[in-house]
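This report refers to the structure that appears directly beneath it.
As the structure is a computational prediction, the values presented were derived from the model and not from experiment.
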Amino acid sequence: MSNPLKVFVTIIAVAMSVFHLAIAWYGPPDALTLRSMHLGFALTLGFLTLGVTTDQKSTTVSRIIKWILVLLSIACCAYLVVNQDYILSRMIYVDPLTQADWVLAVVTVLLVLEATRRAVGWTLPLTAVGFLIYAIFFGDIELSRLAEQMYLGTEGIFGIPLYVSATYVMLFILFGALVERTGTGDLFMDFAKSIAGSTAGGPAKVSCITSGMFGTVSGSAVANVMTTGAFTIPLMKKIGYRPAFAGAVEAVASTGGQIMPPIMGATAFIMAEFLGISYLKVAMYALLPAILYYLAVFLSVHFEAKRTGMHGLPKKELPKLRDVLSERGHLFIPLVIIVGTLLSGYSAPFAALCGIASTIPTALLRQSTRKYIRLNNLIGALEDGARNTVTVALSCACAGIVIGVIFITGLGLEFTNLVLSAAGNHLILALVLTMVAGILLGMGMPTAPAYIMQVALLVPALVKLGVLVEAAHMFVFYFAILSAITPPVALAVYAANGISRAALWDSSLAALKLGATGYIIPFMFVFGPSLLLIGTIPQILQTSISAIIGVICLASSLSGYLFRRLQPLARISLFAAAIVLIKPGLYTDLAGAFLILLVVFHQFIAQRKLA
C-alpha cells in the first residue's frame, strides 16, 4: 500500500471512529441515515484495505477497480442520506421505485456481497446469494419488492444486525483498541503469570486466565490467539507440553472470550437486541456457563500437568502480584467503569463511551503507563478500532440480506416446521440437529452472522418444543462460537498452529478434548435454565453445584487423572457421572454422586496401598 493511500485510509478510519464517538455523545440521526453512513465507512475501508494484490501486472487495473468500488459505495450510501425526506415519506411496497432506486439497490447488494467475500471468504456471500435465488425463483417475490426490502428500509441490509454494529459493536471494538494501546495486554499477561505461573502447568493456566481476560475485550478468537498465544504457547512448550496440546489450550481459551462477561463479543449485543433486553441481562445469562467453560479448561491443563509430572515456571522469573498491581493495576479502571455503568442501569453504548473516555486519564495516572499517551498512538487506536469493525459491519450487512429474505418469504416458519418434522417433536434430536447446523454455519463465517441465521431458522423450532427463548438463543450462540475449535475448519486452531508448529489434526483432536465441556454446557442450560441464573435461588444453587461437579468429572475423565492416574473403568465412571449430571434433578444428581464416590473411594484405597 502506497504512503498516500495509507494516509487516506488512516483519515477515513479516524473519521469513522470520531463519527461514532460523536453520535454516541450527541445522539444518533434517524435509523437509516446512521446505518447507511456506518456501512459507507465500512465498504470504503473494506475496498481500500481488503484483497489488495501484489501482482505488478494487475496493479493499475486493480487500483482502477478499487476506486470505482469505493466511489460506488459512497454514492449508494450517500443517496440514502441526501434523499432522507423522500425515503421516509414514501409508502413502502405501494409507491413505485425510481430508476435510481432500482440501480442503487442492485449495486448496493453486489457491493455488500463482494466486500464480505473479501473480508470473510466465500461462505457467507454464497449463502446470501442462495437466499436471494430462493426469493426470486421459489418464493414468488417480485424483484421490485425484494429491492425495496434490501435497500430502502430497515428490514434488509440495514436491519438490526447492522444497527447493532453501528451502535454497540463499533464502540466496544474502539474501547478494546484503546486499552490495548495503553498497555493493558501486558497487564493481563503479567497478572496471570503472577497468579498461576509457578503452579503445575503454570504457562497453560496463564493462557487460560490471559485469554479469558483479553478475549472479553477483543471478542475475536483468532485475534486473541495471535495476541496472547505468541507469549503463552512458547512458554507451554518450554516446560514440556506437547506443541499440539499447547496450541489447543490457547485456541480453546481464546475462543471462550466471546462468552466471558463483562464485554464478550459482538454477537452478545445482537442477542440483547433480538431478545429485547439489556446487554447486562445477556451478560448475566452467560456468566455461570462461561465460568464452567474456563473451569473445565483450567482443570484439564492442571490434570494433564499432574499426570505427566510437569512443574510451573521458576518463581524468580515471574513478576510479583504486588508489583504488577502497584505499577499497572490502575489499567483495570476502564473495565470497572464499564461494568459499574452497566450495573447502574445505563445503556451499553453509554457504558462503552464512559470506558473510552476513561482510558487516557487512567493511563496518565502513573509514570509506567504515561508513555503510551502519544498522539500517534491515539491516532493508531482510532484507526485500529475502525479497521477492526469493518469485518463485523460487512458480515452484519450480508447477514441482513439473509434475514430480509427470510422475513419477506416466510421461510423461517417453513424451516421451523422442517426441523420439527425431522426431529419428530423430540427435543434431544432437535437440539442435536441445531448443534450440527450451528457448527456447520459457524465454520465458514464469523460468529455474528452464524448466530443471526440460526435465530431466524432454528430458534423458533426449539421454542416450539418448550425451550425457554433465552436458553434457545444461548444454545445457538454457543455452537456458533465453538465452530472455531471444531474440525475441519477450526480457525482458532489454525491460528494457534501457526505459532506452535504442531500437526493440524493432533491440535484439532486436543482442542476437541479440552473444549468438550463447551459442547455439553448448552444442553445443561436447556434442561436446567437455572444455569443461566433464571429461577429461584435454591434451584440456581443446586444446578450450579451439580454442574461444577459434572465439569470436574468430565475434565478428570478426559485427562485420565484425579488425585492420581485413573484406570479405564474409573474414567468411564467419571464420564458417565458427568453425563447424568447434565439434567438437573434429584435422581440424576444422586446417580452422579454415587459414581463419583466409587471412583474417589477407589483412588483413596489405591493411594493407601501405594503408601
Side-chain angles (χ1 to χ4, degrees), residues 205 208-209 212-213 216 252-253 255-262 264 268 271 275 277-303 339 342-343 427 431 466-475 477-479 481-482 514-559 562 574-597 599-600:
K205 294 173 181 175
C208 293
I209 297 170
M213 296 174 74
T216 191
V252 174
T255 298
Q258 293 185 73
I259 58 172
M260 175 57 77
M264 305 166 68
M271 187 190 302
L275 287 172
I277 59 177
S278 69
Y279 168 74
L280 191 62
K281 276 220 163 186
V282 173
M284 182 189 77
Y285 296 151
L287 179 61
L288 192 51
I291 291 172
L292 292 174
Y293 180 91
Y294 275 102
L295 176 64
V297 182
F298 195 88
L299 288 173
S300 293
V301 299
H302 174 75
F303 290 144
V339 175
L342 289 170
L343 290 173
L427 179 57
L431 290 172
V467 178
L468 277 181
V469 64
E470 297 89 350
H473 277 258
M474 286 294 293
F475 187 89
F477 174 50
Y478 254 72
F479 287 112
I481 290 171
L482 288 172
L514 283 167
T517 303
Y519 296 88
I520 294 175
I521 287 172
F523 290 89
M524 295 172 76
F525 57 62
V526 164
F527 291 109
S530 45
L531 199 60
L532 301 177
L533 303 183
I534 298 172
T536 64
I537 292 179
Q539 287 174 332
I540 293 171
L541 287 175
Q542 181 191 351
T543 304
S544 302
I545 292 169
S546 66
I548 290 170
I549 295 172
V551 162
I552 296 171
C553 291
L554 185 62
S556 175
S557 168
L558 294 174
S559 302
L562 186 57
L574 284 180
F575 187 82
I579 296 301
V580 298
L581 288 168
I582 290 176
K583 191 176 187 306
L586 179 60
Y587 295 114
T588 53
D589 288 355
L590 288 175
F594 177 72
L595 290 169
I596 294 166
L597 287 174
V599 174
V600 171

Ring pair (Phe, Tyr, Trp, His ring centres under 6.0 Å) partners of Y478, counting only residues at least two apart: F525
Taking atom [atom1] of [X] and atom [atom2] of [Y], what is their separation to the nearest 0.5 Å?
X    : Y    : atom1 : atom2 : value
I540 : L532 : CD1   : CG    : 9.5 Å
H473 : I277 : NE2   : CD1   : 9.0 Å
C208 : L295 : SG    : CG    : 10.0 Å
Q542 : T536 : CD    : OG1   : 9.0 Å
K281 : M271 : NZ    : CE    : 14.0 Å
I552 : L574 : CD1   : CG    : 10.5 Å

Heavy-atom pair with the smallest gap, counting every atom of [X] and [Y]:
X    : Y    : result
F477 : A268 : CE1-N, 4.4 Å
L482 : Y293 : CD2-CE1, 4.1 Å
M264 : Q258 : CB-O, 3.4 Å
A577 : L595 : N-CD1, 3.7 Å
G550 : A578 : O-CB, 3.4 Å
A472 : V467 : N-CG1, 3.7 Å

Full working for side-chain contact (heavy atoms from CB on, under 4.5 Å) between L533 and Y285: CA-CA 6 Å; L533 303 183; Y285 296 151; 5.7 Å; no
Working for side-chain contact (heavy atoms from CB on, under 4.5 Å), residues C553 and I596: CA-CA 8 Å; C553 291; I596 294 166; 3.3 Å; yes
Does the pair L531 and L292 meet the rule for a side-chain contact (heavy atoms from CB on, under 4.5 Å), with working shown? CA-CA 10 Å; L531 199 60; L292 292 174; 3.8 Å; yes
Is the closest side-chain heavy-atom distance between L558 and F303 below 4.5 Å? no
Can you check whether T543's main-chain N or O pairs, donor with acceptor, with S546's side chain at less than 3.5 Å? yes
Any sub-3.5 Å donor-acceptor pair from S559's side-chain atoms to A555's backbone N or O? yes
Please list all pairs meeting side chain to side chain donor-acceptor pair (under 3.5 Å) that have one or both residues in residues 515-526, counting only residues at least two apart or in different chains. T486-Y519
